[in-house]
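Proteins come first, then strands; the chains are lettered A, B, ... in the order of their sequence lines, and each starts at number 1. Small disclaimer: the values here were computed from a predicted structure and weren't measured.
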2 protein chains.
Amino acid sequence: MIKSAYMKKLAAQPLYKQVIREVMAAVEAGEWQEDESLPSEVELGQRFGVSQGTVRKALDVLVADSILYRRQGVGTFVAGMSDFLMRGRFALLTDPKGETAKIELLGCVRIHAGEQLAEILGLRRGAALWQVRRLLRVSGQIVGLEELLLPEANFPELEMRRIRELKGNLRELCWRDFGVRLQDGETRYRAVSAGSAEARLLQVELNEPLLQLVRLAKDFSGKPQVWSVAWLKTEQLAFEPSVTG
Amino acid sequence: MIKSAYMKKLAAQPLYKQVIREVMAAVEAGEWQEDESLPSEVELGQRFGVSQGTVRKALDVLVADSILYRRQGVGTFVAGMSDFLMRGRFALLTDPKGETAKIELLGCVRIHAGEQLAEILGLRRGAALWQVRRLLRVSGQIVGLEELLLPEANFPELEMRRIRELKGNLRELCWRDFGVRLQDGETRYRAVSAGSAEARLLQVELNEPLLQLVRLAKDFSGKPQVWSVAWLKTEQLAFEPSVTG
DNA sequence: TACAGTCTTATATAAGACAAAAGATACAAT
DNA sequence: ATTGTATCTTTTGTCTTATATAAGACTGTA
């Protein structure tokens, strides 16, 4: 990290942003496990050559992104469950006891991009893509279905084996194995009817309404890298709202 | 220094949280108009008797809530359009040209809380509620339907007239006319089938999938104040994702 | 054992010094 | 008159230091 005024000038980025990147890289490299505490803010400050307050400002961002969480007087911890779908303000995929979703691989095949998909991912028509399909379970119950599309050019050695080893954190895999560091994109929420394939895989009735999440994840240069779509069973509420009259 | 539970109880909130409340109150009181700049952080610091950094920390929160926005070297401004549905990360209700939704009042009637609704709002069973129903339009097209439920006890003079005058900012009305200052609650996203009432009002087919947003807004003491449910037509995407095979 | 103090270590808050960005102003060159 | 440029002022942005608060571990005592 930055140790001198000269280096600082070269860096051309605020210190706390550099700290964000360093900490993020360390998290993605698995330096600390889920729910394991990071070094204290003071220690991290020493490590990066900045003050506690600067480390704190960096961690603020990662906490807001729910990549980390904090407990006053105790420490700062790596938040569990940081896959695409789970990340962020999304509370649907945890059951009442707070259990996190388990991911089950359904398949990984090589396909060719149609016109629209090619445009979305910034590729030429017919470019090779990996299509990964996974099932999400909470407490054993199927809650959702996820489909990922990744350009083969950027993920050359993607194989079932690597995906199978993946515990759920696609970001980490992308970074460690392919050198692709992903940002989150905006997620669009939609309501759709279950088609025959969705109904079969999710074990619901045909045309049952499903919550659909559509997301395009880009790398830090802004280039699209992963197109992901998820279908989620609608959660039950204690009180089912409806319009009367 | 004597430390006792009594002293602790007396101990004030952190300064920056007090500043948040002061600034929020001023915004809601209309001290500055939309897109009008607030006094500088230094001036606000003098006004509240705190440092610029403390004011800044307070404004950080309001900026994160998109109640304010900032431009370096220029100033801090009041953000427009802060109704429940529009607030936050929710991009569904703006059309491609960025037009904001218009709200059309459908009705406002007095009902009695059922058991579950009473529990949600922290009231006794049968307590009087105002039920407000509104239609959301973008570029004239119907895009959604919203139902609000407010305890009559907290909104004693609620009338059609006042609601009709409302341009869309329920928070401001609650504060100005009823002295109720609202926080946003968590929004739950669900997919539901259109019932007969929803289908008629939204002019869609029966059982068409709709995106449902369910939210409980509380005041700053944590007491539930507004239960809101919205049904939104699903937006069309250029590329309609589906699972094949 | 139960309980109350105290120590240690962590995050949380606050203030102040300084940097960077964006306009505004002044003024010279054309 | 207009254009360009340097500089001044105001505003937000960054960073450090000092101190407060919270949580758990430890310790002595009834």
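Summarising the geometry, atom CG belonging to L232(B) is positioned 9.0 Å from atom CD belonging to E146(B); distances are rounded to the nearest 0.5 Å. I20(B) CD1 to L59(B) CG: the interatomic distance, rounded to the nearest 0.5 Å, is 9.0 Å.
Between K57(A) and the phosphate of dT14(D), there is a side-chain N or O to OP1/OP2 separation shorter than 4.0 Å.
The CG atom of D60(B) sits 14 Å away from the P atom of dC15(D) (whole-angstrom rounding). Taking atom CD on E43(B) and atom P on dT12(D), their separation rounds to 9 Å, with Å as the unit. In this structure, Q46(B) places its CD atom 13 Å from P of dT10(D), rounding to the nearest Å. In this entry the distance linking CZ of F48(B) with P of dA15(C) reads 13 Å, nearest Å. A straight line from CG of L68(B) to C1' of dT11(D) spans 15 Å, rounded to a whole angstrom. With rounding to whole Å, Q52(B) atom CD is found 15 Å from dA19(C) atom P. As a whole-Å value, the separation of K17(A) NZ from dC15(D) C1' is 14 Å. As a whole-Å value, the separation of R56(B) CZ from dC18(C) P is 18 Å.
The side chain of S51(B) lies closest to dG16(C) when the candidates are dT11(D), dG16(C), dC15(D). If you check dG13(D), dT11(C), dG16(C) against the side chain of R70(B), the one that comes closest is dG13(D).
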Pair R47(B), E31(B) - check salt bridge (Lys or Arg N to Asp or Glu O under 4.0 Å), show working. CA-CA 14 Å; R47(B) 168 164 161 183; E31(B) 182 168 339; 2.9 Å; yes
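Interface remark: the Q72(A) side chain does form a donor-acceptor pair with the dT21(D) base, using a distance-only criterion of under 3.5 Å.
Within 4.0 Å (heavy atoms only), T54(B) reaches sugar-phosphate atoms of the nucleic acid but no base atom. G75(B) comes within contact range of the sugar-phosphate backbone alone, with a heavy-atom separation under 4.0 Å but no base atom that close. Within the 4.0 angstrom heavy-atom criterion, only backbone atoms of the sugar-phosphate kind lie near T76(A); the bases stay farther away. Among the atoms of the strands shown, only primed sugar atoms or phosphate atoms (P, OP1, OP2) are found under 4.0 Å from some heavy atom of R71(A).
Using a cutoff of 4.0 Å between basic side-chain nitrogens and carboxylate oxygens, D60(B) and R70(B) are scored as salt-bridged. Salt bridge annotation for R215(A)-E147(A): absent, with no cationic side-chain nitrogen under 4.0 angstrom from a carboxylate oxygen.
With the nearest nucleotide of DNA chain D identified for both Y16(A) and G73(A), Y16(A) has the one nearer the 5' end.
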